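Reviewing the structure listed below.
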Amino acid sequence: MVSVVLNRAAAAVAAAALAALILLIVLQVVGRRVLGAPIVYTDEVSGYLLVVLTFLGLGYAMQHGDHIRVEILTRRLGGPALRAFRVAWCLIGLAFTGLLAVRTAALALDSSRLSAFSIVAQIPLAPIQAVAPAGFLLLFLQLLVQLVEAVRSRP
Amino acid sequence: MTWELTGVVYLAVMAGLLLGGVWIAIALGAVGVVGLLFVNPALLAGIESVAWNTIDSFILTAVPLFLFMGSLIMNSGISARFYRGLAPWLSHVPGGLAQSNLVACSIFAALCGSSVATAAAIGAIAVPEMRARGYDMRITTGTLAAGGTLGILIPPSIPFIIYASAVGESVGRLFAAGIVPGLLLTIAFMVFLGIQVRLRPGLVPAARETVTWAARLRGLADVVPVVALIVLVLGGIYAGVMTPTEAAGVGAAGAVAVAAVYRRLTWAALRRSFLETIRTNAMILFIVIGAQIMSFALVSAGIPRGAVEAISGLSPSPWVIFAALVAMYLVLGCMVDALSLMLLTLPVVFPIVQAQGFDPIWFGVVLVLLLEAGLITPPVGMNLFVIQGLSNESLGTVATGSMPYVALMILLVILLAVFPSVALWLPARMY
């Protein structure tokens, strides 16, 4: 499955971002409190690392069934009704994540056109902002897989 | 269109999507999108900035860091060691291992920001040990489900971080405000349990194990490093040496160090902790994104302002409003999970609370306490499900065992209403 492979790879990148985040913050605390030399761009870069580790985790979490739902009314469903609901959930999810993928891609394209840079560290913004649509796209793919599964499931 | 009518449309779409079982993050975001289409479709061009600005945040960076810290403490087996190290110290307190559950939960709560994780970490060790010794399963599961809820009241706490970032308050002050109520609630739980087993001795095994001081001191070796890590993280925040996000990073690194000292830092435990953190963080922050889009739509439709004006037009006593909010959270808490309920309601509730002149830090603590009650009230209480899954007991057993603790939480809410300084005294003394 393409979606499984892609989401696993994305999770690996997200985990690397988390490791980098831990390292960066420890260095910052040591730099500021012990050496008296703060790393000025920690706040900014931390935010970007959070962007990477969050958006790239969206599809992976969906693949593992981690995104929570209110199941109080639907848990007793079975047969054709459950299938209809599963299809509906996926369609609503696809519409929402598709919209967000398109809109956040527009944001990244704007930054690219204006060649915008971050304020402190002077990092080009477009590649980091492009992580958001990439993450929504991975979630979109995973929902597509789940939609196909739901349609094919035998009531 | 009036704000009332728009409000009704929002409520209907939201109830339909949520109760229909759509993923909560997507349901909240979709309500926002539908709402924006309703008010002014041009506003849809704002959602990318909402999504981006929500996650590009130094404050929320603390969320995955604290998740990782708790996850690694559990996956490297440190939580099991400190539970066993703690037990000999509580062997003579009426309730025995059930008291250890409560104390272990309150300590783990100080290492991790989630109630579900706290209940799962301590429950996984406690359930088999207590079953083997013949504890009543209502006592076992009740103390674990209720004790686990301390995870979000005793700092660090993911709901406090998200509340702070949503309403623009200081995470450090909220953390400090949770400490005294968290300790009070732990003590109230322990006293209640002590009385319960005195009145019905059959609930716990009759034979008390004789514990030597040598065993106690050996146990100390497993408790001290964990407590040192807590002191480092919370002390660093309280003394103003570190921001909460910095303390979270130091805590995450500290958990790696503690695991290494115990020689339990395996590749498998690390890998598992990293991937669990990525998944849970994505789940939580996706809900935050959805909620921010919904909040943007609600504000665009003028609903929070309309609600505040309508209520101030009625000019009821602030305590009537307060009682209504408490009732609302207790009811909704039975159906929706804690964090989602908070994010779902804050855009409208917070302006009302502010207009009534309540302290936002104090309200954060009260809100988290009410959310804790929701974690152990059926039919939907996340902690009930976690402990039910671990123990293979019926939901009824777990829920009956947990019920008395809900009453204690409500008592603490009343105490906080009468004496706000229970929460506000400590943060007022910070740096």
Side-chain angles (χ1 to χ4, degrees), chain A residues 11 14-15 18-19 21-26 28-29 32-33 42-44 46-51 53-62 64 66-75 77 85 88-89 92-93 95-97 99-100 102-108 128-129 132-133 135-136 139, chain B residues 17-27 29-30 33 44-49 51-52 55-58 60-61 63-65 68 236 241-242 245-250 252-253 256 271 274-275 277-287 289-290 293 334-337 339-340 379-380 382:
Chain A
L18 176 57
L21 180 64
I22 297 172
L23 204 65
L24 175 68
I25 292 190
V26 170
Q28 148 82 0
V29 173
R32 191 162 61 91
R33 287 288 157 187
T42 304
D43 284 22
E44 199 176 82
S46 303
Y48 297 157
L49 287 170
L50 183 65
V51 164
L53 81 93
T54 302
F55 286 111
L56 292 186
L58 289 177
Y60 186 67
M62 183 59 84
H64 285 265
D66 289 314
H67 291 295
I68 53 173
R69 308 190 282 112
V70 177
E71 291 173 58
I72 185 168
L73 293 184
T74 56
R75 69 183 151 195
L77 288 178
F85 268 87
W89 295 331
I92 294 169
F96 180 67
T97 49
L99 176 69
L100 274 174
V102 171
R103 294 303 327 169
T104 50
L107 185 71
I128 302 163
Q129 288 183 331
F136 285 122
L139 179 57
Chain B
L17 290 177
L18 277 182
L19 292 175
V22 176
W23 298 278
I24 291 174
I26 293 175
V33 169
L44 266 188
I47 63 171
E48 61 267 32
S49 312
W52 169 259
I55 303 304
D56 177 22
S57 150
F58 187 62
L60 289 185
T61 304
V63 171
L65 293 171
F68 177 80
V241 178
M242 293 185 275
T245 300
E246 287 175 346
V250 169
V256 176
R271 182 191 142 88
F274 269 111
L275 292 179
T277 304
I278 296 301
R279 286 160 51 187
T280 312
N281 174 69
M283 179 273 279
I284 292 174
L285 293 190
F286 194 25
I287 297 176
I289 294 174
I293 293 175
C334 297
M335 288 176 276
V336 186
D337 89 284
L339 198 68
S340 312
V380 181
M382 296 293 242

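Labels below follow one simple rule: chain letters A, B, ... track the order of the sequence lines, proteins then strands, and each chain is numbered from 1. Bear in mind that the values here come from a model prediction, so they are computed numbers and not experimental data.
- Considering only heavy-atom pairs separated by less than 4.5 Å from chain A, the leading option among Ser49(B), Ala25(B), Gly249(B), Gly290(B) is Gly249(B).
- Between chain A and the residues Ile278(B), Asp337(B), Val380(B), the most heavy-atom pairs under 4.5 angstrom are made by Ile278(B).
- Of the inter-residue distances, the one linking Leu60(B) atom CG with Leu50(A) atom CG reads 6.5 Å to the nearest 0.5 angstrom.
- Options Thr104(A), Val26(A), Val29(A) differ in how many heavy-atom pairs under 4.5 Å they form with chain B, and the most are formed by Val29(A).
- Proximity of Arg69(A) to Ser340(B): side-chain heavy atoms (C-beta onward) are nowhere separated by under 4.5 Å.
- Among Ala253(B), Ser57(B), Gly29(B), Ala252(B), the residue with the largest count of heavy-atom pairs under 4.5 Å with chain A is Gly29(B).
- Side-chain atoms of Val51(A) and Trp52(B), non-hydrogen and from C-beta on, do get closer than 4.5 Å to each other.
- In this structure, Thr74(A) and Leu19(B) approach most closely via the heavy-atom pair CG2-O, 3.9 Å.
- Ile128(A) touches chain B through backbone and side chain together, each having a heavy atom under 4.5 Å away.
- In this structure, chain A has a heavy atom under 4.5 Å from the side chain of Ile289(B), while its backbone stays farther away.
- No side-chain heavy atom of Phe286(B) sits under 4.5 Å from any side-chain heavy atom of Thr54(A).
- Note that CG of Leu58(A) is 9.0 Å distant from CG of Leu285(B), once rounded to the nearest 0.5 Å.
- Among residues two or more places apart in sequence or in another chain, the salt bridge (Lys or Arg N to Asp or Glu O under 4.0 Å) test is passed with Arg32(A) by Glu246(B).
- Contact annotation: the side chain of Glu44(A) never approaches that of Asp56(B) to less than 4.5 Å [non-hydrogen atoms, C-beta and beyond].
- With respect to chain B, the highest number of heavy-atom pairs below 4.5 Å among Leu73(A), Ile72(A), Leu53(A), Ile68(A) belongs to Ile68(A).
- Residues passing the ring pair (Phe, Tyr, Trp, His ring centres under 6.0 Å) test with Phe96(A), sequence neighbours excluded: none.
- Residues Ile22(A) and Val256(B) have side chains not in contact (no heavy-atom distance under 4.5 Å, counting atoms from C-beta outward).
- Summarising the geometry of Asp66(A) relative to Arg279(B), their closest heavy-atom pair is OD2-NE, 2.5 Å, with the distance given to 0.1 Å.
- Chain B forms more heavy-atom pairs under 4.5 Å with one residue of Leu24(A), Leu18(A), Leu107(A) than with any other, namely Leu18(A).
- Proximity to chain A (any heavy atom under 4.5 Å) is shown, for Ala45(B), by both the backbone and the side chain.
- In the displayed structure, Arg271(B) atom CZ is contacted under 6.0 Å by at most 12 heavy atoms of other residues, nucleotides or ligands.
- Not one N or O on the side chain of Trp23(B) forms a donor-acceptor pair closer than 3.5 Å with the backbone of Val70(A).
- The shortest distance between side-chain heavy atoms of Ser46(A) and Thr245(B) does not fall below 4.5 Å.
- Atom-to-atom distance recorded for Leu17(B):CG and Ile92(A):CD1 is 5.5 Å, nearest 0.5 angstrom.
- Contact of the Ile25(A) side chain with the Thr61(B) side chain is registered, since non-hydrogen atoms from C-beta on lie closer than 4.5 Å.
- Within the 4.5 Å cutoff, no side-chain heavy atoms of Tyr48(A) are placed close to those of Ile55(B).
- Using a 4.5 Å cut-off between heavy atoms, Thr277(B) touches chain A through its side chain atoms alone.
- Going from atom OH of Tyr60(A) over to atom CE of Met283(B) covers 14.5 Å, rounded to the nearest 0.5 Å.
- Interface remark: Gln28(A) contributes side-chain atoms only to the contact with chain B (heavy atom separation under 4.5 Å).
- For Val33(B), the part lying under 4.5 angstrom from a heavy atom of chain A is the side chain only.
- If you measure heavy-atom distances from Ala19(A) to chain B, the contacts under 4.5 Å come from both the backbone and the side chain.
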